[in-house]
Amino acid sequence: MQMVNLLKANELKNIKLIAGANGIDRDTKLIGMIEAPDIESYLFAGQLLVTTGYHYYQNIDRLTELIKKMSAVGCAGLGIKANRYFKKIPNEIIQLANSLDFPLLLTPAKESLSQTVSSLIKVVIKSDVLRLSRAIQQNQQLSQLALNNTKYNVFLDQCAIYLKHDIVLLDSHFRVRFTNQAIWDQREKISSDLRNTAQGSYLSLSKEITINCGNRRLRIIPLMVMYSENKSFIGIFDLEKLTSMQQLQLQQVQNIISLMNSRTDVRKEDASHQLNEFFNNVLTGRISIDLTDQHPDKLNINLQENCYCAVCGLQPAKNGVLLFLNQVEQVRHLSDWFIDEYNIRATSFVSQQQLVLIISDSQNPEHFLSALALFLKKMFGNRYLLKIGLSHAKLPVNQLPSLYHEAKKAYTLAEQSNIVIQQFRPKKVSELLQLIPKNEANSFVTEILGPLLQIKNKQEMDDLLATLKLYLYNHQQINLVAQQLFIHRNTVVYRLKKAADILQLDYKDPEVAQRLLVALLLL
């Protein structure tokens, strides 16, 4: 109970405030009587003490020290019985109490000290009962609003009335989601001020802080959440000093908004599971995006535009470090936070205990994934290694299986190397030809190039093969072949005619030219 309200009670009308009027907002929690001179060792905040003055009337310095210590501890005030040992309170004591804004009371001379203490206790208890009753009623009203799925801004309006201070609800990006009506039109400016002045990572904020926001002070309090990556905060303006009633009210507000947020988190998780199911069905071919419009809402990508695909996963950095099943969800929550923070056009889902990212080709995928990898490394520390595979192709999302296949191949390569991000590299034609069984390749080469390979003069054979290969590779441009071999054009013509005669083939036949080039590449 604040001192100002205590002194207004009719039962205490004979108690006079004689100094420290600027401190009457102090909260009174307990009434006590000074019976021993060593009371200084047992002081605590909210304590209102009364005394006859016996221990101090002959030692003003001791009274001075008592008042200083009581003020420093946060005691509510000190009452001295009138006309008992002090016929008049010394001026230096009055001045000291005023300088410290410490309430100094004069209790009735015609009333015993025990009666005064009893009256004070009755008023405080009565006030506490009323406050507790009011707090219970407020809690019931707030709880009912929450159970009725009341909109956040309506709920915060009621909170602002109870707390007598403006209130905002912040997301994990320090963006204002909702406010009470009085400051609703200021939410964008408040968000901008917060994001420009906030220090450190919002995700690591776990303790209450007070910061400047515009020309006001904002007390920011973390709320309880199901997932640390989905943090939320309430911010209360100009709430520097809390009364016990405000502390109780604030705790009620925290608890109920935390409950409301948990309900929102459950809905988000349900939407995430639906997204997983949708895209996993696309991967397996059970859904064709060309044939359905039953896709999830609020995707960060256009299902008709070209996209890249990336696969992300964690590895233990060393033996003895364990991976847990929920860590892929943690990677997803953190990645979604990063995507939201920087407005990235990408969407995530989980498949086979790995995070899959679909990235719009309007983004630079390497730049985005490099920044994401640095962020995740900071969040996970050195216990885990992040590996990312990126597709080479960019295709519409209805081609997601092909994109995913490339990303998965690249991820496997990343796992086997020290590289964090590995992009899929399509095989060259020569690499693809190496996949043909060796005996079949040899048979094909012998069938097509056999007569040339039987020339006894090795230099002549090599010259004819090299000329023929460049001729076919350069689309039969004789001048270009001559430049590359540093020989005369007529020499090229001579070699080609001789090779054609030996092989008894016509280069102008497209199928013949194609078979020749394949044989030369296999050779």
Side-chain angles (χ1 to χ4, degrees), residues 1-132 240-247:
M1 183 179 190
Q2 285 184 301
M3 183 70 73
V4 61
N5 295 322
L6 184 71
L7 296 177
K8 288 178 181 178
N10 189 58
E11 301 95 316
L12 306 175
K13 62 183 178 182
N14 292 325
I15 297 178
K16 307 298 181 186
L17 177 70
I18 59 174
N22 290 333
I24 57 174
D25 61 341
R26 290 177 181 246
D27 208 14
T28 306
K29 298 179 180 178
L30 187 66
I31 312 298
M33 187 162 50
I34 298 177
E35 297 177 340
D38 61 345
I39 189 64
E40 294 92 337
S41 302
Y42 306 97
L43 300 175
F44 54 84
Q47 193 176 32
L48 172 60
L49 296 176
V50 294
T51 179
T52 60
Y54 173 75
H55 300 293
Y56 306 102
Y57 78 103
Q58 291 180 332
N59 191 341
I60 300 303
D61 289 342
R62 172 176 283 182
L63 181 58
T64 298
E65 288 303 312
L66 173 66
I67 291 174
K68 288 180 179 179
K69 288 182 180 179
M70 291 184 72
S71 178
V73 169
C75 291
L78 175 65
I80 301 175
K81 185 173 175 62
N83 296 326
R84 181 68 189 271
Y85 294 100
F86 281 99
K87 303 304 179 184
K88 180 182 178 182
I89 305 299
N91 285 332
E92 59 264 37
I93 296 299
I94 300 291
Q95 292 171 3
L96 175 63
N98 283 329
S99 69
L100 296 174
D101 294 334
F102 180 75
L104 191 61
L105 311 177
L106 205 59
T107 65
K110 296 182 179 180
E111 186 177 87
S112 68
L113 204 59
S114 60
Q115 286 179 306
T116 302
V117 169
S118 177
S119 297
L120 286 166
I121 290 174
K122 286 179 181 178
V123 171
V124 169
I125 290 175
K126 181 179 178 181
S127 171
D128 286 344
V129 170
L130 289 173
R131 285 192 301 172
L132 183 58
E240 297 292 342
K241 241 174 126 179
L242 281 173
T243 65
S244 57
M245 182 63 176
Q246 285 175 318
Q247 288 177 334

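Since the structure is predicted, the reported quantities are computational estimates derived from the model, not experimental observations.
Other residues, nucleotides and ligands place no more than 12 heavy atoms under 6.0 Å from the NZ atom of Lys13. Annotation for Phe44: atom CZ counts as buried by contact number, over 12 foreign heavy atoms lying within 6.0 Å.
Contact record, Leu100 with Lys68: CD1-CA, 4.1 Å, taken as the closest heavy-atom pair. Scanning all heavy atoms of the two residues, the minimum distance from Thr52 to Arg84 falls at O-CB, 4.1 Å. Nearest heavy atom pair, residue Ala97 against residue Ala19, reads CB-CB, 3.7 Å. The minimum heavy-atom distance between Asp27 and Gln2, with the atom names listed, is OD1-N, 3.5 Å. Taking each heavy atom of Ala76 and Met3 in turn, the nearest pair found is O-CE, 3.2 Å. In plain terms, the two heavy atoms of Gln47 and Met70 that are nearest each other are O-CE, 4.4 Å.
Screening Leu6, Leu30, Leu78 for a side-chain contact (heavy atoms from CB on, under 4.5 Å) with Leu48, the sole residue that qualifies is Leu6.
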Passes side chain to side chain contact (heavy atoms under 4.5 Å, CB included), Thr28 versus Leu120? Steps please.
CA-CA 10 Å; Thr28 306; Leu120 286 166; over 6 Å; no
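In this structure, CG in Leu66 is found 11.0 Å from OG in Ser71, a value given to the nearest 0.5 Å. Interatomic distance, Lys88 NZ to Leu106 CG, rounded to the nearest 0.5 Å: 12.5 Å. A distance of 11.0 Å separates CG of Leu49 from CD1 of Ile80, quoted to the nearest 0.5 Å. Atoms OG1 and CG, from Thr51 and Leu63 in turn, are 8.5 Å apart once rounded to the nearest 0.5 Å. Here the straight-line distance linking atom CD1 of Ile18 with atom CG of Leu105 works out to 7.5 Å at 0.5 Å rounding. The CZ atom of Phe102 sits 13.5 Å away from atom NZ of Lys69, with the distance rounded to the nearest 0.5 Å.
A donor-acceptor pair under 3.5 Å links the side-chain atoms of Ser119 to the main chain of Gln115, judged by distance alone. The main-chain N or O of Gly20 is never found under 3.5 Å from a side-chain atom of Asp101 such that the two would form a donor-acceptor pair.
Residues passing the side-chain contact (heavy atoms from CB on, under 4.5 Å) test with Ile60, sequence neighbours excluded: Thr64, Phe86, Pro90, Glu92, Ile93.
Under the 3.5 Å distance criterion, with hydrogens and angles disregarded, a donor-acceptor pair is assigned to the side chains of Glu111 and Thr116.
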